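For reference, the structure discussed in these notes is given below.
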Amino acid sequence: MDIRSTLKTVAPELSPELCQHLITIGELEHYEKDELILDYGIQACFLPIILDGNARVMRGDKDDPSKELLLYLLTPGEICPCAAFSTLPKGEMPITVEAETRAVILNVPIGELNAMAANYPGWRMYELANFRKRFEELLSLVDNAIFKQLGGRLRAYIEMRCRVSGRKGVTLSKVKMASELGTSREVVSRLLKSLEHEGVITQDKDGVHLIN
């Protein structure tokens, strides 16, 4: 992979000088689908920049490790802002980051972040833009949880996954969807049937598909 060309494509807001600096200090890593990138409770030693593929950011239930909630998905050109918390005292990761697909990631050492912010104004703006996007997505998640019934949350979840994948379908199992929504497979099955009857989706052996 030509890292310079890829950075220019996925993060055009970064200056050539900053891109060169990132290439110099960063470490290119390849992750397989479902591979762990950053784990809950650790102090991250790097901040990942997604170059290719997608990653998912999950929040686990402290009382029931089998339960997880999908917070948001990371796509090429995006970072996981939570990793930057590790520059703070007691800055353990409050989330888990996993490869949603096979992914290529440029891991930037955490110790370099403050210096980059001082020497490259474009980095601070890039960080803030990513923080803002993640914050807006979390607000949407809260809105869906508080103001919408689970059926609305499921529809928003399907639409988000389709938007990120660039396809009209979601190929995940009902068990996986239920886990990421913090509910049960039976509830998801019932709600999917309801959405199908409303003409919002169709279902087949390949997954769930949005009609519009």
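As the structure is a prediction and not an experimental result, all values here were calculated from the model. All residue numbers refer to positions in the sequence shown, counting from 1.
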Check this for me: does any side-chain nitrogen of one of [X] and [Y] sit under 4.0 Å from a carboxylate oxygen of the other?
X	Y	value
R132	E127	no
K193	E196	no
R163	E159	no
E13	K8	no
E136	K133	no

What's the shortest heavy-atom distance between [X] and [Y], and which atoms?
X	Y	answer
L22	L14	CD1-CD1, 3.8 Å
L38	P48	CD1-CD, 3.9 Å
R185	A178	N-CB, 3.6 Å
I42	D39	CG1-O, 3.1 Å
N54	T101	N-OG1, 3.0 Å
Y126	G77	OH-O, 2.6 Å

Y157 side chain to R161 side chain, donor-acceptor N/O pair below 3.5 angstrom =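 Note: Y157 and R161 side chains meet the donor-acceptor criterion.
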
Let me confirm one number: the [atom1]-[atom2] distance from [X] to [Y], rounded to the nearest 0.5 Å.
X	Y	atom1	atom2	answer
E32	H30	CD	NE2	9.5 Å
L210	C162	CG	SG	4.0 Å
F85	I110	CZ	CD1	11.0 Å
Q43	L88	CD	CG	9.0 Å
L191	E198	CG	CD	9.5 Å
I158	R153	CD1	CZ	12.5 Å

Would you say [X] and [Y] are hydrophobically clustered, going by side-chain heavy atoms of ILVMFWY under 4.5 Å?
X	Y	result
M93	L71	yes
I105	I3	no
I79	I95	no
L69	L138	yes
I50	L7	no

Hey, are the side chains of [X] and [Y] touching, using non-hydrogen atoms and a 4.5 Å cut-off?
X	Y	result
L154	L181	yes
T183	M177	no
Y40	E92	no
V200	I211	no
L51	L28	yes
H209	R167	no
E98	E35	no
F131	P81	yes

Considering residues, nucleotides and ligands other than F135, do more than 12 of their heavy atoms fall under 6.0 Å from its CZ?
-> no

In terms of heavy-atom contacts, does CE of M125 have more than 12 from other residues, nucleotides or ligands at under 6.0 Å?
-> no

Any chance you could lay out the side-chain contact (heavy atoms from CB on, under 4.5 Å) test for L18 and M116, step after step, and finish with the verdict?
-> CA-CA 8 Å; L18 177 51; M116 282 202 301; 4.2 Å; yes

Does [Y] offer a backbone N or O that forms a donor-acceptor pair with the side chain of [X] under 3.5 Å?
X	Y	result
D204	G207	yes
S5	D2	no
R4	Q20	no
R155	L195	no
S86	A44	yes
S179	V175	no
D52	A103	no

Carefully, step by step, assess T75 and E78 under the rule side chain to side chain donor-acceptor pair (under 3.5 Å).
-> CA-CA 6 Å; T75 59; E78 297 180 337; 3.2 Å; yes

Apply side-chain contact (heavy atoms from CB on, under 4.5 Å) to F46 and I37, showing your working.
-> CA-CA 10 Å; F46 61 84; I37 300 170; 4.2 Å; yes

Given side-chain contact (heavy atoms from CB on, under 4.5 Å), test V97 with M58 step by step and report yes or no.
-> CA-CA 6 Å; V97 183; M58 311 291 294; over 6 Å; no

Quick one: is the NZ or CZ of R56 closer than 6.0 Å to the six-membered ring centre of Y72, and within 45° of its axis?
-> no

Between M160 and L70, is a side-chain contact (heavy atoms from CB on, under 4.5 Å) present by the stated rule, with each step listed?
-> CA-CA 11 Å; M160 176 191 68; L70 176 66; 3.3 Å; yes

